[in-house]
Peer 1: 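Supplied in structure tokens, the structure appears directly below.
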2 protein chains.
Amino acid sequence: MSSELPLRFLLAFRTMIDELHAELARQGHPDMRPMHGFVLQAIGPQGTTAVELGRTLGVSKQAAGKTVEALEQIGYVERAVDPADTRRKIVKVTDRGYDALIRSGEILRRQHRRWAETLGADRLAALENDLRKMTPENVWKLDAPGWFS
Amino acid sequence: MSSELPLRFLLAFRTMIDELHAELARQGHPDMRPMHGFVLQAIGPQGTTAVELGRTLGVSKQAAGKTVEALEQIGYVERAVDPADTRRKIVKVTDRGYDALIRSGEILRRQHRRWAETLGADRLAALENDLRKMTPENVWKLDAPGWFS
DNA sequence: ACACGATAGACAACCTGGTTCACTATTTAG
DNA sequence: CTAAATAGTGAACCAGGTTGTCTATCGTGT
């Protein structure tokens, strides 16, 4: 059935993300939501603002603001007014945020290795190549309200 | 980056689904939501009930009921009490629902052909094979609140 | 024969992650 | 120095889920 392929993509995504967050919870980050790691990455080392973040992710500034607030409450980011422009509030990833980010990276690399072992490194590389060929460039702009769970 | 793979899966899913619904809208089904086609398929030719549907999809009976109601309002399904058990209401796909389903199938098949043309039929088959190896059997139970947009 | 437990559906309140509209405060440009 | 643009925030709303509670009907055990 040709309708199976998109479902398999979704299933693959969810399987990986669910695994990631189960392991992250075990490693001391039970409050991480699927989108959080993604947003932390999007913030970057320089910090950013809600408006900027919204543009990067392809969502409204209000949605970005809400997410930042949630992230702030669980201690993954902090906000400080920009002295050079007191309208702006610079969002920065905290140490705890970085810890989550680093652990996510490790878990994802392990996951990737498991895929390589199961499928063969060559097949996995070919798969990644094919996917890059068929999907848009910009990995950030998922342009999806509620991309995952 | 090993974190790219899950994102590519999501992107691939969304790309296909967005394309499908853009084309479906052009063909006279502008109200179809991503989940609708999926649910229509899950209902099947025999019809089903909210409880049954919920079990199939892995969501609560209330969620299934809400979806059925939405589908009913836009004319894709209809409900009738089961004469053999007046508690039950059998949900059936209407002609309009079937029209959407048939068109979806055609669009998905075209999409699939395009992927085959771009990647090569052999590569696409290998990709599908790899995905089946790495994802759960049951395509219905996505077990995801809000799997797509 | 009938009471009791299980089942189907519906309603309400709530959650998450989005949306738009409206507003204030500040900055920048003409 | 005023006018437009921009950053942030709040409110109301939506979709698609959740749980809890309730009624109506069905089916079974004594």
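Chain A is the first sequence line, chain B the second, and so forth, proteins listed ahead of strands; every chain is numbered from 1. The figures here come from the full heavy-atom set of this structure, side chains too, leaving out hydrogens, waters and symmetry mates.
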Peer 1: Could you tell me the separation between the NZ atom of Lys89(A) and the P atom of dT24(C), rounded to a whole number of Å?
Peer 2: 17 Å
Peer 1: Specify the separation, in whole Å, of atom CZ of Arg88(A) and atom P of dT24(C).
Peer 2: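 Atom-to-atom, Arg88(A) to dT24(C), this comes out as 23 Å.
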Peer 1: What's the CE-P distance between Met32(A) and dG17(C), to the nearest Å?
Peer 2: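 Between P of dG17(C) and CE of Met32(A): 12 Å.
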Peer 1: Round to a whole Å and report the spacing from CG of Leu57(B) to P of dG17(D).
Peer 2: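 The answer, rounded to whole Å, is 8 Å.
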Peer 1: Below the 4.0 Å mark, does dT27(C) have OP1 or OP2 next to a side-chain nitrogen or oxygen of Thr86(A)?
Peer 2: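 Affirmative; the distance criterion is met.
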Peer 1: Please determine whether side chain to side chain donor-acceptor pair (under 3.5 Å) holds for the pair His29(A) and Asp99(A), giving the CA-CA distance in whole Å, both sets of side-chain angles, and the decisive distance to 0.1 Å.
Peer 2: CA-CA 9 Å; His29(A) 292 283; Asp99(A) 184 71; 2.7 Å; yes
Peer 1: Tell me: NE2 of His21(B) to P of dA15(D), nearest whole Å?
Peer 2: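 Answer to the nearest Å: 15 Å.
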Peer 1: Please confirm whether the shortest side-chain N or O distance from Arg79(B) to OP1 or OP2 of dA10(C) is below 4.0 Å.
Peer 2: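 Affirmative; the distance criterion is met.
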Peer 1: Which heavy atom of Arg123(B) sits nearest to which heavy atom of Arg123(A), and what is that distance?
Peer 2: NH2-O, 4.4 Å
Peer 1: Going through the checks in order, is the side-chain contact (heavy atoms from CB on, under 4.5 Å) test met by Met35(A) and Thr67(A)?
Peer 2: CA-CA 9 Å; Met35(A) 64 152 326; Thr67(A) 304; 3.5 Å; yes
Peer 1: Considering non-hydrogen atoms only, spot the tightest contact between Thr15(B) and Pro136(A) and give its length.
Peer 2: OG1-CD, 3.6 Å
Peer 1: Run the side chain to side chain donor-acceptor pair (under 3.5 Å) test on Glu69(A) and Gln73(A) for me, step by step, so that the C-alpha distance in whole Å, both residues' side-chain angles and the decisive distance to 0.1 Å come before the verdict.
Peer 2: CA-CA 6 Å; Glu69(A) 207 185 322; Gln73(A) 298 219 324; 4.5 Å; no
Peer 1: Consider the side chain of Met35(A), meaning its heavy atoms from C-beta on, and name the nucleotide among dG8(D), dG9(C), dG18(C) that approaches it most closely.
Peer 2: dG18(C)
Peer 1: Check the interface with nucleotides 28-30 of chain C: list each N/O to N/O pair with the protein under 3.5 Å, or write none.
Peer 2:
none

Peer 1: Can you see which heavy atom on Ala12(B) is nearest to which on Trp115(B), and at what distance?
Peer 2: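 Between these two residues, the closest heavy atoms are CB-CH2, 4.3 Å.
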Peer 1: Identify, residue by residue, the members of residues 60-73 of chain A with a heavy atom below 4.0 Å from DNA chain C, and return them in order of residue number, or none.
Peer 2: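 Here the set is Ser60(A), Gln62(A), Ala63(A), Lys66(A), Thr67(A).
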Peer 1: Look at the side chain of Val59(A) and decide which nucleotide, out of dA8(C), dG8(D), dG18(C), has an atom nearest to it.
Peer 2: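 My answer, after comparing the listed nucleotides, is dG18(C).
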Peer 1: For Pro6(A) and Ile17(B), which heavy atoms make the closest approach, and how far apart are they?
Peer 2: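 Reported closest heavy-atom pair: CB-CD1, 4.3 Å.
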Peer 1: Would one find a side-chain N or O of Arg33(A) under 4.0 angstrom from OP1 or OP2 of dC15(C)?
Peer 2: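 False: Arg33(A) side-chain N/O out of range (4.0 Å or more) of dC15(C) OP1/OP2.
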Peer 1: Starting from P on dG17(C), measure out to CG on Leu10(B) and report it in whole angstrom.
Peer 2: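 It is 15 Å, rounded to the nearest whole Å.
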Peer 1: Provide, to the nearest angstrom, the distance between the CD1 atom belonging to Ile74(A) and the C1' atom belonging to dG17(C).
Peer 2: 14 Å
Peer 1: Quick one: Glu52(A) CD to dA7(D) P, roughly how many Å, whole number?
Peer 2: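 So the CD-P distance, Glu52(A) to dA7(D), works out to 8 Å.
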Peer 1: Would you say His112(B) and Glu128(B) are linked by a side-chain donor-acceptor pair, where the criterion is simply a distance under 3.5 Å?
Peer 2: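 Yes - a donor-acceptor pair under 3.5 Å links their side chains.
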Peer 1: What side-chain donor-acceptor pairs closer than 3.5 Å can you find for residues 43-51 of chain B, not counting sequence neighbours?
Peer 2:
from     : atom 1 : to       : atom 2 : distance (Å)
Thr48(B) : OG1    : Glu52(B) : OE1    : 2.8
Thr49(B) : OG1    : Glu52(B) : N      : 3.2

